[in-house]
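Have a look at the structure below, then the notes.
Worth saying up front: this structure is predicted, and the values here are computed from it rather than measured.
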Amino acid sequence: MTTPYFFDAELRRSIESLLLPDVRLPGQYIGGEVGQIVKPADSVKARMCFCFPDVYSIGMSNVALSVLYDVVNGRADLACERAFCPGLDMEAILRNANLPIYSLETFTPLAAFDLLGFTLQYELCYTNALTMLDLAGVPLRRVERSLEAPLIVAGGPAAASPEVMSDFIDVFLIGDGEETLPALLERWAELRAQLGVKRAFDAKNGAVRRDASSYLAAGGDPVATSKALRRDALLQIAREFPNAYVPEFYDVSFDETGRARRPRPNADGVPEYIDAAVVRDLNAFPPPKRPLLALVESVQDRVSLEIMRGCPQKCRFCQSTQLKRPLRYRSVEQITESILAACASTGVDEATLLSLSSSEYPKFEEALQRIREAVCPRGISLSVPSLRVNHQLSSVVQGLTTERSSSLTVAPEAARDEMRRRIAKRVTNDDLFAGCRAAFENNFSRVKMYFMCGFPYETEEDLTGIVALSNDVCRLGKEVRGKFAQVVANVSNFVPKPHTPLQWAAMQTRPYFEEAHRSLRQTRRERSVDLKYHDLNTSLLEGLMTRGDRRVGRVVEAAWRAGARLDAWREHFKPELWDAAVAECGIDREKIAHTAYSLDAELPWDHIRFYNDKEKLKKEFALVDQAKFNEKD
């Protein structure tokens with residue numbers, strides 16, 4: 001039997017002795033999952049740890065983690081391991097025992113890696129990233145790091161507006177990471193080696209050991225020398241990688257109203273704008289055939305497979321459709337092969353076909369039938385969570401019918417046609433009712449619908465229409481099945497996101513949303529209609545973070561130091577800490593989140609560019625006022 005490889009075996013023994021008696025769900029902290037990949041440190045030339053800034057049960061369901069873990073480890077000379085934000089109990093144990101956060105694969109302290117890669121999926125995970133850096137012993141602020149410290153990299157949706165986290169992150173990778181992340185890891189390791197940094201060779205109970213870096217022989221102030229060399233290496237990255245934003249080499253100024261302008265380069269050879277990386281061929285990066293299988297219950301306990309990237313719809317509120325353009329599709333053959341291989345290697349018997357709008361995959365009904373014919377005889381069931389409300393919905397629902405079918409999920413976003421034209425949501429109630437009818441006829445008993453409130457030009461009729469539409473679907477269930485359908489109407493609070501046509505709009509204020517929620521509650525609804533709202537304090541903080549500039553980073557750090565942890569979790573979120581941090585840092589919340597921008601204003605995220613340029617977004621924004629679709633789409 002082969003002895004398992006651990007970079008720090010003593011740390012592993014210490015963790016095991018502490019976990020079982022005192023930590024909830026200790027399985028999330030021990031590694032050893034089906035699908036994990038372990039490479040001894042001396043067998044590769046560069047190592048990174050994929051750091052997911054939320055708890056294990058969320059991170060193990062993240063497709064980006066699964067894909068990038070597989071891509072980096074697909075190279076024999078590179079290694080990628082994993083770490084997740086610990087729960088409050090585990091954080092306390094690590095701090096009390098003076099032990100560092102570590103990777104699950106080899107129990108390597110995070111400070112021993114060449115690169116730490118964070119995926120910023122959601123703004124309320126920012127404090128979790130600081131928790132992980134602090135537990136790793138890595139200085140929070142990038143200017144305080146030496147050349148020996150890992151390169152701190154961030155990507156994901158929130159990196160599209162990077163300024164709030166720019167004091168903490170060395171490099172933001174913009175766009176798709178399959179090609180840029182391995183290249184950056186390799187190049188950073190080369191630069192550090194050229195500058196004389198010796199890689200860590202092992203660790204003992206969390207204490208990383210490495211030979212002295214050769215640059216120290218030159219004398220002088222070693223700390224200042226190390227920081228200067230790190231800056232030189234970062235400058236090389238900024239010059240060589242067109243998809244990498246390195247905040248160190250960009251300065252921010254402010255307009256006459258006190259709002260931040262677009263960051264501008266302060267060094268020669270650094271690009272004025274950062275363009276998003278685009279993987280042109282999804283088939284060049286097949287989904288993992290032996291995906292990671294979580295040791296504890298996760299949000300998605302099934303094989304999740306991305307079938308296309310991008311969305312043919314151009315909803316004006318949606319950031320994802322802007323960030324993931326252009327449209328790219330995975331072949332039916334690769335989808336089928338990947339599902340079969342992943343289910344065979346893990347024993348999982350359910351697969352989810354993922355994308356922003358899966359039912360708009362080319363010839364989707366035909367493709368779905370081909371996939372079902374291949375996988376269903378093996379006992380594998382399929383689900384498609386992102387169905388568009390269109391003329392195909394009823395037939396697609398029939399194609400998904402299995403013995404497990406019970407719930408249909410759709411996102412009308414608005415209940416009235418005028419608002420749908422303003423936000424460019426091409427939905428009709430006729431298509432929605434036809435799809436729900438087909439679902440009820442095929443043993444579905446529950447419908448989940450997603451709406452938003454707080455759009456520009458919203459009226460009382462838009463709000464009451466949400467309840468009226470939910471009631472209609474509920475009664476349709478009784479008409480078809482003989483009893484009222486269960487309908488869950490989830491209403492979120494609209495946050496105008498960067499890089500969307502609605503980025504110039506102001507977010508509605510607390511009093512507005514409170515009145516909107518009151519109106520929804522007071523509108524009569526059927527007993528089997530369940531109305532749910534997104535937490536208002538959370539939405540208001542999200543608005544500040546996503547629309548914030550570099551100054552708002554001080555708020556994140558102040559709230560974290562005051563005890564903000566796991567803010568995306570209702571039981572842990574403490575809005576009073578954030579209110580105090582905003583006041584302490586002198587941040588004008590009204591100006592940042594709740595004041596509209598003029599069309600000629602520079603925006604704090606204008607240096608980051610995606611597929612649709614600013615002029616195209618302006619044309620779409622003009623159609624909001626006119627309540628028109630773009631008929632050229």
Side-chain angles (χ1 to χ4, degrees), residues 23-25 28-29 48-62 64-65 68-69 81-95 99-104 109-111 113 115-142 150 152-170 172-173 294 296 298-299 535 537-539 541-542 544-546 548 552-575 577-578 581:
V23 174
R24 182 175 179 271
L25 297 175
Q28 64 187 310
Y29 301 115
M48 70 164 285
C49 188
F50 193 110
C51 298
F52 195 90
D54 208 330
V55 297
Y56 179 93
S57 61
I58 301 295
M60 283 294 287
S61 302
N62 182 258
L65 183 154
L68 294 175
Y69 182 83
E81 302 187 17
R82 296 162 298 133
F84 302 88
C85 186
L88 299 185
D89 54 353
M90 183 60 170
E91 180 187 349
I93 282 176
L94 291 174
R95 292 192 186 280
L99 294 174
I101 190 171
Y102 52 89
S103 69
L104 294 183
L110 296 197
F113 285 95
L115 182 153
L116 302 181
F118 289 85
T119 177
L120 302 178
Q121 295 290 318
Y122 182 37
E123 292 82 2
L124 268 69
C125 291
Y126 287 169
T127 53
N128 299 342
L130 299 193
T131 296
M132 296 179 76
L133 288 175
D134 189 59
L135 288 172
V138 175
L140 294 187
R141 292 182 169 267
R142 52 179 168 75
I152 308 303
V153 178
S161 180
E163 289 308 294
V164 171
M165 289 295 284
S166 63
D167 282 339
F168 315 112
I169 303 298
D170 293 315
F172 290 90
L173 279 183
V296 302
S298 297
V299 175
D535 179 69
N537 287 316
T538 299
S539 298
L541 179 58
E542 180 187 348
L544 177 65
M545 294 292 115
T546 194
V552 179
R554 303 199 305 268
V555 176
V556 177
E557 184 174 354
W560 176 81
R561 292 193 183 280
R565 298 290 191 276
L566 299 172
D567 298 292
W569 294 79
R570 182 170 296 183
E571 62 266 36
H572 298 303
F573 181 51
K574 299 177 180 178
L577 297 181
W578 288 94

Keeping Arg565 on the side-chain end and Trp560 on the backbone end, is there a donor-acceptor pair under 3.5 Å?
yes

Test side-chain contact (heavy atoms from CB on, under 4.5 Å) applied to Phe84 and Leu65, step by step
CA-CA 11 Å; Phe84 302 88; Leu65 183 154; 3.7 Å; yes

Does the pair Tyr122 and Glu542 meet the rule for a side-chain contact (heavy atoms from CB on, under 4.5 Å), with working shown?
CA-CA 8 Å; Tyr122 182 37; Glu542 180 187 348; 3.8 Å; yes

Is there side-chain contact between Trp578 and Asn537, with at least one heavy-atom pair below 4.5 Å?
no

With a 4.5 Å cut-off on side-chain heavy atoms, are Pro162 and Ile169 touching?
no

Which heavy atom of Met132 sits nearest a heavy atom of Cys51, and at what distance?
CE-CB, 3.8 Å

Any salt bridge between Arg142 and Asp170, counting N to O under 4.0 Å?
no

Nearest heavy-atom contact between Gly548 and Ser161 is O-OG, 4.4 Å

For the student: nearest non-hydrogen atoms of Gln121 and Gly156, plus distance:
NE2-CA, 4.4 Å

Set out, in order, the CA-CA distance, both residues' side-chain angles and the distance that settles side-chain contact (heavy atoms from CB on, under 4.5 Å) for Arg141 and Glu557, then state yes or no.
CA-CA 10 Å; Arg141 292 182 169 267; Glu557 184 174 354; 2.9 Å; yes

Closest heavy-atom pair and its distance - Leu110, Cys49:
CD2-SG, 3.6 Å

Working to the nearest 0.5 Å, report the span between CZ of Phe50 and OG of Ser103.
14.0 Å

Does any N or O in the side chain of Asp567 come within less than 3.5 Å of the main-chain N or O of Phe573, such that one atom is a donor and the other an acceptor?
no

First locate atom CE of Met60, then atom CZ of Arg82, and finally report the distance between them rounded to the nearest 0.5 Å.
5.0 Å

Going from CG on Leu99 to CD1 on Ile101, what distance comes out if it is rounded to the nearest 0.5 angstrom?
12.0 Å

Would you call Val138 and Phe113 a side-chain contact if the rule is heavy atoms closer than 4.5 Å?
no

Is a side-chain N or O of Asp89 found less than 3.5 angstrom from the main chain of Arg24, in a donor-acceptor match?
yes

What do the steps show when you test Glu91 against Leu88 for side-chain contact (heavy atoms from CB on, under 4.5 Å), and what is the final call?
CA-CA 5 Å; Glu91 180 187 349; Leu88 299 185; 4.2 Å; yes

Shortest non-hydrogen contact from Met545 to Val164?
O-CG2, 3.3 Å

The reported gap from CG in Asn128 to CG in Leu133 (rounded to nearest 0.5 angstrom) is 11.0 Å

Do Arg95 and Asp134 sit within salt-bridge range, that is, some charged N less than 4.0 Å from a carboxylate O?
yes

Considering only heavy atoms from C-beta outward, does the side chain of Ile152 approach that of Phe168 to under 4.5 Å?
no

Within the side chain of Tyr102, is there an N or O that forms a donor-acceptor pair under 3.5 Å with the backbone of Tyr29?
yes

Give, for atom CG of Asn62 and atom OH of Tyr69, the distance between the pair rounded to the nearest 0.5 Å.
14.5 Å

If you compare all heavy atoms of Ala154 against all heavy atoms of Ala159, which two are closest, and at what distance to 0.1 Å?
O-CB, 4.4 Å

Between the CZ atom in Arg561 and the CG atom in Leu130, the distance rounded to the nearest 0.5 Å is 8.5 Å

